[in-house]
> 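Got a structure for you, questions after.
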Protein chains: 2
Amino acid sequence: MSKWLERQPDLLARKLEHFARLSPEDIEALDRIWRRKSVTAPPQDDIVRQGDPPGGVRLMQAGWACRYRMLADGRRQILSFFLPGDLCDLNNFVLRRMDHSVMALTPVRYTMLGAEDFDSLTTRRPRLMHALWWDNLVAMAIQREWTVNLGQRSAVERLAHLLCELYVRLHVIGLANGGAFDLPITQVELADTVGLSPVHVSRTLKDLRERNLVQLHRGKLEIFDFQALSSVALFRPDYLHLAAEGAHLAANA
Amino acid sequence: MSKWLERQPDLLARKLEHFARLSPEDIEALDRIWRRKSVTAPPQDDIVRQGDPPGGVRLMQAGWACRYRMLADGRRQILSFFLPGDLCDLNNFVLRRMDHSVMALTPVRYTMLGAEDFDSLTTRRPRLMHALWWDNLVAMAIQREWTVNLGQRSAVERLAHLLCELYVRLHVIGLANGGAFDLPITQVELADTVGLSPVHVSRTLKDLRERNLVQLHRGKLEIFDFQALSSVALFRPDYLHLAAEGAHLAANA
DNA sequence: CGAATCGTTGACGTAAGTCAATTGCGGTGG
DNA sequence: CCACCGCAATTGACTTACGTCAACGATTCG
């Protein structure tokens, strides 16, 4: 089995504990959800397609996916990355058609949640639901920060910022070791994320490499100096709304 | 009194009816909220400041405001516009500090909503609450579309797209007459919205003017050919999730 | 009427895009 | 095992869209 499909048992609880203190019962409830029947998708597969009716909330359990939107002439913008423990659109039930697609970047495993799940969580595990809302608000804040990234930052700053953000997010779910993590996406995908051409992404990565900040080699990203990288990126982790521990984590690394 | 501070009575109901069929009781409930004690702010005033605790949800009643975020070196990105009938962050209660600021662009009037309001709406006026969630999801979709805008579109496309979007949004609340509406922001603010320099905004507006698409003169925007403008912008109104009527509206103009 | 603010224009600089050739690499099959 | 393929990444030469700087109009407001 691909390493990408393995579910880490307490990954979600670990993340949510940054947002609210969870009781043993909360963790137990999370665990039951985590063990449910899951679905897998191969890389490049569209999990959700623009124009489809929503069909429920997806809880990502393993692998990377991304949300993207295409223009009529074929240009593509990647709008967000879904990492293990992420929810795709907490409120999905409300709208009638998806205005974007979601694609697997690696082999992906996820499980579906229905409106009933959230109803029952709201009444029976309010703390947990509170943490899910928090997580949702952080997702919105990330979206805003990407807007800042594309609107204001230069190529180097943009890429550096993205890498800082991914590092912190992956660290929170225990998928970053030291300064390194798996970055299973091509430079074309990176380009569609940061709004640059693929060749300029290549050049910019080279630049970052030559400054001894990071190295991306065969899908593995190594950060040599997180402090320096975040200062190049003008990275301020406040928008990730981590509790004290997490902020501290982001500061060191 | 400034024209910007006048509350249009059924503006909010008009918008929400695009999202859900409202009962007379729903409309009555909306109306009671709309008539509450309101607060005003002068142009340029920060209504919410980055770092502050949230302090409740604001329902915009009149005037324009914007959400923005600053980088350490002074660059500013405008993240969204708040128009009459918009809610600032439905879930605000959850987080502890604001990661962005909100500033009045014109004289602004708004009213505060507390968690109790939403609790009571959820139990007593579920249809209405549903419409508010819908509105919130549309706000998120707009944020994503801005990401697309900044990441993929050229200067002309970007500005054209912004104008199309504003036209549709203003039309929905009855603030667009024919092809024209008030656009009470400077070119510097436009620039910080679309991630261009102010002088390039000026040139790009000139370009659009010379193509006989739009004219912006003394805070009044006139759209001469919405079809042509949206095709220049690659504007697809799907992300605004209007009901059939609204989609049709966007198509014609 | 004058000061401040906002918009416009021109000349010039630069970051990023485009095109195209080349290299590296992992998988496949003979 | 090596030859071949296909994809991803790199590099160089050249183009272009947009930024910067600075001067100059226009409009608003006291």
Side-chain angles (χ1 to χ4, degrees), chain A residues 2-3 42-44 71 73-78 105-107 149-162 182-211 214-222 232-233, chain B residues 2-4 42-44 71 73-78 105-107 149-162 182-211 214-222 232:
Chain A
S2 157
K3 72 166 179 176
Q44 310 302 322
L71 297 189
D73 63 358
R75 280 175 277 178
R76 171 180 69 165
Q77 175 67 40
I78 291 183
L105 293 164
T106 65
N149 212 20
L150 292 172
Q152 300 300 323
R153 282 186 256 253
S154 71
V156 211
E157 291 166 350
R158 261 184 241 185
L159 263 172
H161 190 278
L162 177 66
D182 286 315
L183 184 60
I185 64 181
T186 68
Q187 294 191 1
V188 174
E189 288 154 350
L190 268 178
D192 285 345
T193 305
V194 292
L196 298 169
S197 69
V199 340
H200 202 63
V201 166
S202 174
R203 286 195 246 263
T204 307
L205 283 173
K206 183 183 177 192
D207 182 357
L208 288 172
R209 192 187 323 131
E210 284 170 351
R211 296 199 212 179
V214 301
Q215 181 180 20
L216 174 55
H217 192 56
R218 295 147 156 262
K220 190 107 194 159
L221 188 97
E222 288 179 79
V232 165
Chain B
S2 157
K3 72 165 178 176
W4 291 110
Q44 310 302 322
L71 297 189
D73 63 358
R75 278 175 278 179
R76 171 181 69 165
Q77 175 66 39
I78 291 183
L105 292 163
T106 65
N149 213 18
L150 292 171
Q152 300 300 322
R153 282 187 255 254
S154 70
V156 210
E157 292 166 349
R158 258 183 245 185
L159 263 174
H161 190 278
L162 178 66
D182 286 314
L183 184 60
I185 63 180
T186 69
Q187 293 192 0
V188 174
E189 287 154 349
L190 269 179
D192 285 345
T193 305
V194 293
L196 297 169
S197 69
V199 342
H200 203 64
V201 166
S202 174
R203 286 195 246 262
T204 306
L205 284 172
K206 184 185 179 193
D207 182 357
L208 289 172
R209 191 187 322 131
E210 284 170 352
R211 297 200 211 180
V214 302
Q215 182 180 20
L216 175 56
H217 192 55
R218 295 146 155 262
K220 191 108 193 159
L221 187 97
E222 288 180 80
V232 165

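Lettering follows sequence order; numbering is per chain, from 1. All values below were derived from every heavy atom in this structure, side-chain atoms included, with hydrogens, water molecules and symmetry-related copies excluded.
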> Can you pull the contact range of chain B along DNA chain D, 5' to 3', using atoms under 4.0 angstrom from its heavy atoms?
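Contact span on the strand: D:dC18 to D:dT28.
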> Describe the nucleic acid contact of B:Ser197 in one word from base, sugar-phosphate, nothing, applying a heavy-atom distance below 4.0 Å.
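If one applies the 4.0 Å heavy-atom cut-off, B:Ser197 turns out to touch a base.
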> Output the rounded distance in Å from NE2 (B:His217) to P (C:dC6).
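The answer, rounded to whole Å, is 16 Å.
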> Just by distance, do the side chain of B:Gln152 and the backbone of B:Asn149 share a donor-acceptor pair under 3.5 Å?
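Not a single qualifying donor-acceptor pair exists.
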> So B:Leu159 and B:Arg153, do their side chains get closer than 4.5 Å, heavy atoms only?
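Heavy-atom side-chain distance check fails, nothing below 4.5 Å.
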> Check B:Asp73 with B:Arg75, please: is the shortest side-chain N to carboxylate O separation under 4.0 Å?
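Answer for the salt bridge query: yes.
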> Starting at the 5' end of DNA chain D, what dot-bracket string do you get if Watson-Crick and G-U pairs under 3.5 Å are bracketed, crossing pairs use [ ], other-strand pairs use | and unpaired bases use dots?
|||||||||||||||||||||||..|||||
> Salt bridge or not between B:Asp207 and B:Arg203? Use side-chain N to carboxylate O under 4.0 Å.
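Result for this pair is no, no salt bridge flagged.
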> At a cut-off of 3.5 Å, list every protein nitrogen or oxygen paired with a nitrogen or oxygen from nucleotides 26-28 of chain C, distance to 0.1 Å.
residue: C:dG26; atom: OP1; partner: A:Arg218; partner atom: NH1; Å: 3.3
residue: C:dG26; atom: OP1; partner: A:Arg218; partner atom: NH2; Å: 3.2

> Are A:Pro107 and A:Pro42 close enough that some pair of their side-chain heavy atoms sits under 4.5 Å apart?
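A:Pro107 does not reach A:Pro42 side chain to side chain.
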> Heavy-atom contacts under 4.0 Å between residues 152-162 of chain A and DNA chain C, which residues?
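Within residues 152-162 of chain A, the residues near DNA chain C are A:Ser154, A:Ala155.
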> Side chains of A:Lys220 and A:Asp182, heavy atoms from C-beta outward: is any pair under 4.5 Å?
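Yes; the side chains approach each other to less than 4.5 Å.
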> Side-chain atoms of residues 184-201 of chain B: list all donor-acceptor pairs with protein atoms under 3.5 Å, sequence neighbours left out, distances to 0.1 Å.
residue: B:Thr186; atom: OG1; partner: B:Val188; partner atom: N; Å: 3.4
residue: B:Thr186; atom: OG1; partner: B:Glu189; partner atom: N; Å: 3.2
residue: B:Thr186; atom: OG1; partner: B:Glu189; partner atom: OE1; Å: 3.4
residue: B:Glu189; atom: OE1; partner: B:Thr186; partner atom: N; Å: 2.9
residue: B:Asp192; atom: OD2; partner: B:Arg76; partner atom: NE; Å: 2.8
residue: B:Asp192; atom: OD2; partner: B:Arg76; partner atom: NH2; Å: 3.0
residue: B:Thr193; atom: OG1; partner: B:Glu189; partner atom: O; Å: 2.7
residue: B:Ser197; atom: OG; partner: B:His200; partner atom: N; Å: 3.2

> What nucleic acid atoms does B:Gly219 come within less than 4.0 Å of, heavy atoms only: base, sugar-phosphate, or nothing?
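Nothing, no nucleic acid heavy atom in range.
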> Within the 4.5 Å heavy-atom criterion, are A:Gln77 and A:Leu150 side-chain neighbours or not?
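Sidechains of A:Leu150 and A:Gln77: in contact.
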> Atom CG of B:Leu183 and atom P of C:dC6: how far apart are they, to the nearest Å?
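Value for this atom pair: 14 Å.
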> If you round to the nearest 0.5 Å, how far is NZ of A:Lys206 from CG of A:Leu216?
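It comes to 15.0 Å.
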> Check nucleotides 8-12 of chain C against the protein and report each pair of N or O atoms closer than 3.5 Å, with its distance, or say if there are none.
residue: C:dT8; atom: OP1; partner: B:Arg209; partner atom: NH2; Å: 3.4
residue: C:dT8; atom: OP2; partner: B:Gln187; partner atom: OE1; Å: 3.3
residue: C:dT8; atom: OP2; partner: B:Gln187; partner atom: NE2; Å: 2.7
residue: C:dT8; atom: OP2; partner: B:Ser202; partner atom: OG; Å: 3.0
residue: C:dG10; atom: N7; partner: B:Arg203; partner atom: NH1; Å: 3.3
residue: C:dA11; atom: N6; partner: B:Arg203; partner atom: NH2; Å: 3.3

> Decide yes or no for A:Glu222 and A:Val214: does some side-chain heavy atom of the first lie under 4.5 Å from some side-chain heavy atom of the second?
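Answer no - side chains too far apart.
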